[in-house]
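These notes are about the structure you will find just below.
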Protein chains: 2
Amino acid sequence: MNGSRTRTQAGVNLPALRHHNATLVLDLLRAAGADGISRLELAEGTGLTPQAVSKITARLREDGLAVGAGLRPSTGGKPRTVLRLVPDAQFAVGLHLDRDGLTAVLVDLAGRPVAVTTAPLDLGAPAEQVLADAADAVRDLSAAEPHKPVLGVGVAVPGPLDHRDGVLHRVTGFPQWDGYPLRAALAERTGLPVVLDKDTNAAALALALGGAGGGDFAYLHLGTGLGAGLVLGGEVHRGARTGAGEFGHQTLQLDGPLCGCGGRGCIEALCLAAEARGDRGEAARVLGMGAANLVGLLDIDRVVLGGRTVAADEDAYVRGVRAVIEERAARGGAGAGVTVTVAGGGDRPVAEGAAQLVLAPVFGRVGERG
Amino acid sequence: MNGSRTRTQAGVNLPALRHHNATLVLDLLRAAGADGISRLELAEGTGLTPQAVSKITARLREDGLAVGAGLRPSTGGKPRTVLRLVPDAQFAVGLHLDRDGLTAVLVDLAGRPVAVTTAPLDLGAPAEQVLADAADAVRDLSAAEPHKPVLGVGVAVPGPLDHRDGVLHRVTGFPQWDGYPLRAALAERTGLPVVLDKDTNAAALALALGGAGGGDFAYLHLGTGLGAGLVLGGEVHRGARTGAGEFGHQTLQLDGPLCGCGGRGCIEALCLAAEARGDRGEAARVLGMGAANLVGLLDIDRVVLGGRTVAADEDAYVRGVRAVIEERAARGGAGAGVTVTVAGGGDRPVAEGAAQLVLAPVFGRVGERG
DNA sequence: GCACTTTGGCAACAGCGTTGCTTAAGTGGA
DNA sequence: TCCACTTAAGCAACGCTGTTGCCAAAGTGC
């Protein structure tokens, strides 16, 4: 009669409750942005009483995380006081380690980048060398805001990895990273907390927090390969082994052409082959088929496309993917009302999303310890 | 700068905290089953202090939900007192409304069925008639435990529906159910809370709570059609419109044979066509391809097969699906360590899972209001 | 039989959000 | 100009949560 998943350590005591409600208020403050939000609106959004919100915001103001920001027009009584997040109270570093380059960004609490560094990087170099470069980037960026606390470092890398213990599994073509404990190593060098995740997950997180519209969505990244980042229930879905988002090697054509992975008819192979022979319409249609499958399976609200190959002709891909999804919806299948957009911004969203790995827990979102 | 998903009413006050911790303890008690669990083990499992657990369990005992159940062998000091859930303190009704039959089950808190009813049902009959039959079944079952409270009625139905407001969308072939507010109607007739969900989701919930092993998994139901129920992060993933689990009409063969849905190369069409022509190996292989796609995309731990078609030759399907997943894993793809099993038990798991829709919130699992 | 270990309850406590009330700060009609 | 009214937000008391410190209960083992 045993069986159900054991939930470890989910008990809530008073400090945990206090922290939870504070993160909730911070999340609403962040969502409100520069416009700010009143205490009563916070009360409505959290379900707490106005008095509880007053106490919580008083503590946040004491900590320098929130400030008053003027008054609302009166509606016949005392006007509401608007509160606003203080974005530059704390910062986080985001690191994108790619095969051929390193992008590092310092972002404030609102997720806005305040300093960016890019440098060439050889992922094939010894780990010590790469680590030193990464640590240098973190140090340089931290110097941009010398007197403000940096909460931690988020790192986005291409290959499979374990988000929980921060260990790389294997980065295709670079065997020296097999089982490398990147989180621990970088944490020791920088003296900061480090969080690790896949590049597609980081991009998806950035889109979930900074982008337009809420809801569940999939980020499909088409570059040298094809991968996905999934946001379900407002949080990045990683799976037990951080393996979720394996999208490129989904079989889309039974017994189709051979793929580099050894399989047949993989979306990635079909899509990139079509692209290679100049048939962008077919590439977009194939991608759309895969996207439509995903939309139906997970009942998501939108699909966001990104990556260099998409960037080369955004319109064609958006139109092609949208056409497939709409055709299926018109037949009575899933996908009605699903929007298809592009991420834009090149590779920088990945670094910013990496920083969000650190910021997410501050606002009660799942970053670490999914 | 707006954007992040607005979380409504997530604030936690003291009653909510109390309830949360109590459900946590209840969940551990249920997981322990007849073996029971000691206070200190509960403390370890929840992260609460032993004293807090003592207070919580005292309340549960006062409410008749838990009792002492002997002592553990001493380890050199006072022996631990074992606590056990009282399964027959409360009950729930599960209802499975299928196209041609109705299965109703009364389960105790441990999820064990204590009474079962089956009856023919014509889903094409007027709604009032079907409703009356359903309400009768609920009343008859409740009479089996006349002096114990029945917490509510969980209802599993085949078609698309909205889990949140309990409204059916359309049950293929039975237009009179379009937009029918089944939850409200049945709640009024029975005087009990009613929760509605898809049959595949109910089956998945039953497997998640009663089955062997935890972790994320997919339940694939192959009967007259092909559908899926997904359990991610220990909870049923429904999506915003309760549409998740649309698996049968995933495209698996680009421009393949026409499917009844109007699409081409759908898994369901390929699989059932192979089955129809007696090629069960191919049917299992096709199902395995779809399952492998899903395993990779979501990084799940196991695949559970069910439904009449699978039941006709469980071995062939398990072996076929397992072979595809293992082949992909052996190539370095996703799926290493994934187990493939059958649900067994025919259709009764669906009704039991429906009852779990009601029980899940008692144990802090998501049943209502995903 | 006694020292030791371990469990679990009792009582006092700090701190959470809530409630009841008061004060602050506006609007708008007479 | 005044005053009644409305709305926002703080103060103080309160109930209840889990926590802490302490002690009794109930075993083991030399």
Side-chain angles (χ1 to χ4, degrees), chain A residues 9-29 32 36-63 66-84 364, chain B residues 8-26 28-29 32 36-63 66-84 364:
Chain A
Q9 307 285 93
V12 177
N13 53 20
L14 289 174
L17 178 146
R18 171 187 174 139
H19 179 254
H20 171 84
N21 287 340
T23 62
L24 228 58
V25 169
L26 276 172
D27 196 34
L28 290 174
L29 281 168
I37 184 171
S38 74
R39 285 173 180 76
L40 285 165
E41 287 158 356
L42 287 170
E44 200 175 347
T46 56
L48 298 170
T49 61
Q51 183 61 25
V53 170
S54 274
K55 285 190 178 178
I56 292 167
T57 54
R59 288 196 294 263
L60 294 178
R61 282 162 50 185
E62 207 167 312
D63 295 344
V67 287
L71 302 174
R72 284 275 162 77
S74 167
T75 60
K78 177 174 176 177
R80 300 183 174 185
T81 310
V82 175
L83 298 172
R84 186 176 55 77
Chain B
T8 42
Q9 308 287 92
V12 178
N13 54 19
L14 289 175
L17 177 146
R18 172 187 173 139
H19 180 255
H20 171 84
N21 287 341
T23 62
L24 228 59
V25 169
L26 276 172
L28 290 174
L29 281 170
I37 183 170
S38 74
R39 285 174 181 76
L40 285 163
E41 288 159 356
L42 287 170
E44 201 176 347
T46 57
L48 297 171
T49 60
Q51 183 60 25
V53 170
S54 275
K55 286 189 178 180
I56 292 166
T57 54
R59 288 196 295 261
L60 293 179
R61 281 163 48 185
E62 207 166 313
D63 296 344
V67 287
L71 302 175
R72 284 275 162 76
S74 166
T75 60
K78 179 174 176 176
R80 301 182 173 185
T81 311
V82 175
L83 298 172
R84 185 176 57 78

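Any value given below was found using the heavy atoms of this structure, including those in side chains, with hydrogens, waters and symmetry copies removed. Lettering follows sequence order; numbering is per chain, from 1. All figures in this text were calculated on a predicted structure; none of them were measured in a lab.
Residues that satisfy the side chain to side chain contact (heavy atoms under 4.5 Å, CB included) test with A:Pro15, not counting sequence neighbours, are A:Asn13. Residues that satisfy the side chain to side chain contact (heavy atoms under 4.5 Å, CB included) test with B:Thr49, not counting sequence neighbours, are B:Gln51, B:Ala52. With sequence neighbours excluded, no residue satisfies salt bridge (Lys or Arg N to Asp or Glu O under 4.0 Å) with B:Arg61. Residues passing the side chain to side chain contact (heavy atoms under 4.5 Å, CB included) test with B:Ala69, sequence neighbours excluded: B:Val82, B:Arg84. Residues passing the side chain to side chain contact (heavy atoms under 4.5 Å, CB included) test with A:His19 are A:Thr23, sequence neighbours excluded.
Between the P atom of C:dT18 and the CG atom of A:Leu14 lies a distance of 13 Å, rounded to the nearest Å. Rounded to whole angstrom, the span from the CG atom of B:Leu48 across to the C1' atom of D:dT20 amounts to 15 Å. Atom-to-atom, CD1 of A:Ile56 to P of D:dG10 comes out at 13 Å; the value is rounded to the nearest Å. Remark: P of D:dC16 and CZ of B:Arg59 are 11 Å apart, rounded to the nearest angstrom.
Of the candidates C:dG26, C:dG17, D:dT19, C:dG26 carries the atom nearest the A:Leu71 side chain, counting heavy atoms from C-beta on. Across C:dC16, D:dG18, C:dT18, the shortest atom-to-atom separation from the side chain of A:Arg18 is found for C:dC16.
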Between N or O atoms, less than 3.5 Å apart, protein on one side and nucleotides 4-8 of chain C on the other: list the pairs.
unit_1 : atom_1 : unit_2  : atom_2 : d
C:dT5  : O2     : B:Gly76 : O      : 3.2
C:dT6  : O2     : B:Lys78 : N      : 3.0
C:dT7  : OP1    : B:Arg80 : NE     : 2.4
C:dT7  : OP1    : B:Arg80 : NH2    : 2.7
C:dT7  : O4'    : B:Lys78 : O      : 3.4
C:dG8  : OP1    : B:Thr81 : N      : 2.6
C:dG8  : OP1    : B:Thr81 : OG1    : 2.8

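Each end of the helix from C:dG1-D:dC30 to C:dA30-D:dT1 gets its own rotation axis from five pairs of C1' atoms, and the angle between them is 10° to the nearest 10 degrees.
Looking at heavy-atom distances under 4.0 Å, B:Arg72 makes no contact with the nucleic acid at all. Across all strands shown, A:Leu17 has heavy atoms under 4.0 Å from sugar-phosphate atoms exclusively, and none from any base.
Residue pairs meeting the salt bridge (Lys or Arg N to Asp or Glu O under 4.0 Å) criterion with at least one partner in residues 71-81 of chain B, sequence neighbours excluded, are B:Glu41-B:Arg72, B:Glu41-B:Arg80.
Contact between the side-chain N/O atoms of A:Asn21 and the OP1/OP2 oxygens of C:dC16 is not found at any separation under 4.0 Å.
At a threshold of 4.5 Å between non-hydrogen side-chain atoms, the residues B:Leu24 and B:Leu48 do not count as touching. Taking the side chain as every heavy atom from C-beta outward, B:Asn21 and B:Thr46 never approach each other to under 4.5 Å. Side-chain contact between A:Leu29 and A:Leu60: present, with at least one pair of heavy atoms (C-beta onward) separated by less than 4.5 Å.
Comparing A:Lys55 and B:Thr57 by the nucleotide of DNA chain C that holds the closest heavy atom to each, the one mapping nearer the 5' end is B:Thr57.
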